[in-house]
2 protein chains.
Amino acid sequence: MLKITRKVEYALIALRHMQLKQSEELTSTKEIATRYGVPQQLLAKTLQHMARDGIIEAVQGPAGGYRVATNLEQISMKDFFEKLEGPLGMMDCYFDSDCIQFGSCNIRVPIQRINDNMRNLFSQMSVQEVTQ
Amino acid sequence: MLKITRKVEYALIALRHMQLKQSEELTSTKEIATRYGVPQQLLAKTLQHMARDGIIEAVQGPAGGYRVATNLEQISMKDFFEKLEGPLGMMDCYFDSDCIQFGSCNIRVPIQRINDNMRNLFSQMSVQEVTQ
DNA sequence: ATTAAATACGACTAATATTATCGTATATAA
DNA sequence: TTATATACGATAATATTAGTCGTATTTAAT
Ligand code: FES
Ligand code: FES
């Protein structure tokens with residue numbers, strides 16, 4: 001319950017690794033996979049995902065790789081989570097409305113208040129705070 | 001990702017339902033299950049779990065049921081979550097240390113800081129805030 | 001041109017966690 | 001004695017997450 005996914009974890013590990021280098025320098029999937037003992041294929045998809053989102057930049061071909069393409073101080077953890085995993089809510093009813101029988105739920109409002117608190121927490125936290 | 005479980009949801013629905021009654025009055029599993037369209041057997045286990053934890057009190061036999069047995073203002077959502085679902089952490093390494101290859105993780109410290117923030121958020125929130 | 005090393009990406013499989021059900025035992029008021 | 005309720009371990013069904021496979025594309029180096 002209330003766990004983050006491997007995908008997010010791998011993404012953060014990769015970002016931190018890239019930030020330790022000169023900003024122009026490239027990092028390959030393989031380099032990160034072997035360095036941190038992470039499954040390369042899954043990491044690859046995660047990096048591709050971040051590249052599509054413009055968080056990192058891809059350079060193809062041999063000697064290619066990725067580099068950070070944005071100011072990570074400007075991306076909140078909430079936005080980061082949502083880019084990688086979609087809408088962030090403790091209950092599905094925060095977005096969809098198919099949580100328990102329609103209309104009969106007696107805790108929807110308070111639960112959404114909690115949800116707002118959690119989203120707010122992650123909104124006030126930048127990716128940089130994790131990867132610096 | 002970062003979702004609460006049905007068990008927790010059903011528990012909160014049940015608590016709220018019971019709080020709307022006179023404090024001595026009993027509520028059966030069936031009553032809640034039919035009222036909110038919730039699976040009765042699963043709800044039953046959840047109520048039994050809460051009874052073991054002393055959050056609610058069980059009265060057996062026909063015309064039996066449950067009633068709230070504690071001041072819900074005194075129980076934090078963090079403690080509530082942990083009673084029902086065990087240790088509360090976004091990553092397993094917060095408690096166990098078998099998250100990614102030992103020693104090679106570069107984000108353990110910052111992730112645990114985030115984790116502390118989240119635990120803190122739920123520590124400052126009482127069950128009463130949800131069920132009142 | 002050819003090769004080799006890297007990214008790109010959809011489809012698939014495996015593993016795990018969550019959710020729900022079943023069967024049976026026990027308690028107790030009527 | 002019966003009916004109705006809680007108690008609880010075991011199991012089944014479902015959903016989510018994690019990981020793999022196969023193939024295509026890009027491009028620097030030879
Ligand atoms: S309908 Fe979403 S918390 Fe009940
Ligand atoms: S070892 Fe837990 S976040 Fe990496």
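Reminder, nothing fancy here: chain letters follow the sequence lines and each chain counts from 1.
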Query raised in the report: Side chain of B/Pro39: nearest nucleotide among D/dA18, C/dA20, C/dC9?
Result: C/dA20
Report summary line: Between CZ of A/Arg52 and P of C/dA8 the distance, given in whole Å, is 9 Å
Requested in this report: Round to the nearest Å and state the distance from B/Lys7 atom NZ to C/dA17 atom P.
Outcome: 15 Å
Query raised in the report: Quick one: CD1 on B/Ile32 to CD1 on B/Ile13, what's the gap to the nearest 0.5 Å?
Result: 9.5 Å
**Report entry** Nearest-angstrom distance from the residue atom CE of A/Met1 to P of D/dT16
**Finding:** 17 Å
Query raised in the report: Same cluster for A/Met1 and B/Leu84 if Ile/Leu/Val/Met/Phe/Trp/Tyr side chains link at under 4.5 Å?
Result: yes
Requested in this report: To the nearest Å, give me how far apart CE (A/Met91) and C1' (C/dT18) are.
Outcome: 13 Å
Query - Nucleotide of D/dT20, C/dA20, D/dT17 approaching B/Leu42 most closely (side-chain heavy atoms) - result: C/dA20
Query raised in the report: So how far is it from A/Gln41 CD to A/Thr29 OG1, rounded to the nearest 0.5 Å?
Result: 9.5 Å
Query raised in the report: Should the pair B/Arg108-A/Glu9 be classified as a salt bridge under the 4.0 Å nitrogen-to-oxygen rule?
Result: no
**Report entry** Atom pair distance, as rounded to whole Å: CD in B/Gln40 and C1' in D/dA5
**Finding:** 10 Å
Query - Separation of D/dT27 P from A/Tyr66 OH (nearest whole Å) - result: 13 Å
Report task. Among D/dT20, C/dT19, D/dT6, find the nucleotide with the atom closest to the side chain of B/Arg6. Result -> C/dT19
Query raised in the report: Can you tell me if the side-chain N/O atoms of B/Tyr10 get under 4.0 Å from OP1 or OP2 in C/dT18?
Result: no
Requested in this report: Check the distance between D/dT16's P and B/Lys3's NZ and give it to me in whole angstrom.
Outcome: 9 Å
Report task. Counting heavy atoms from C-beta on, name the nucleotide in C/dA8, D/dT20, D/dT17 closest to the side chain of A/Lys45. Result -> D/dT20
Requested in this report: With DNA chain C as reference, determine whether A/Pro62 or B/Thr5 sits nearer its 5' end, using the nearest nucleotide of each.
Outcome: A/Pro62
Query - Nearest-Å distance for atom pair CZ/C1', residues A/Arg67 and C/dA6 - result: 14 Å
Query raised in the report: When you check the phosphate oxygens OP1 and OP2 of D/dT4, does a side-chain N or O of B/Ser28 lie under 4.0 Å from one of them?
Result: no
Report task. State whether B/Arg35 and B/Glu31 are salt-bridged, where the test is any N-O pair (Lys NZ or Arg NE/NH1/NH2 against Asp/Glu carboxylate O) under 4.0 Å. Result -> no
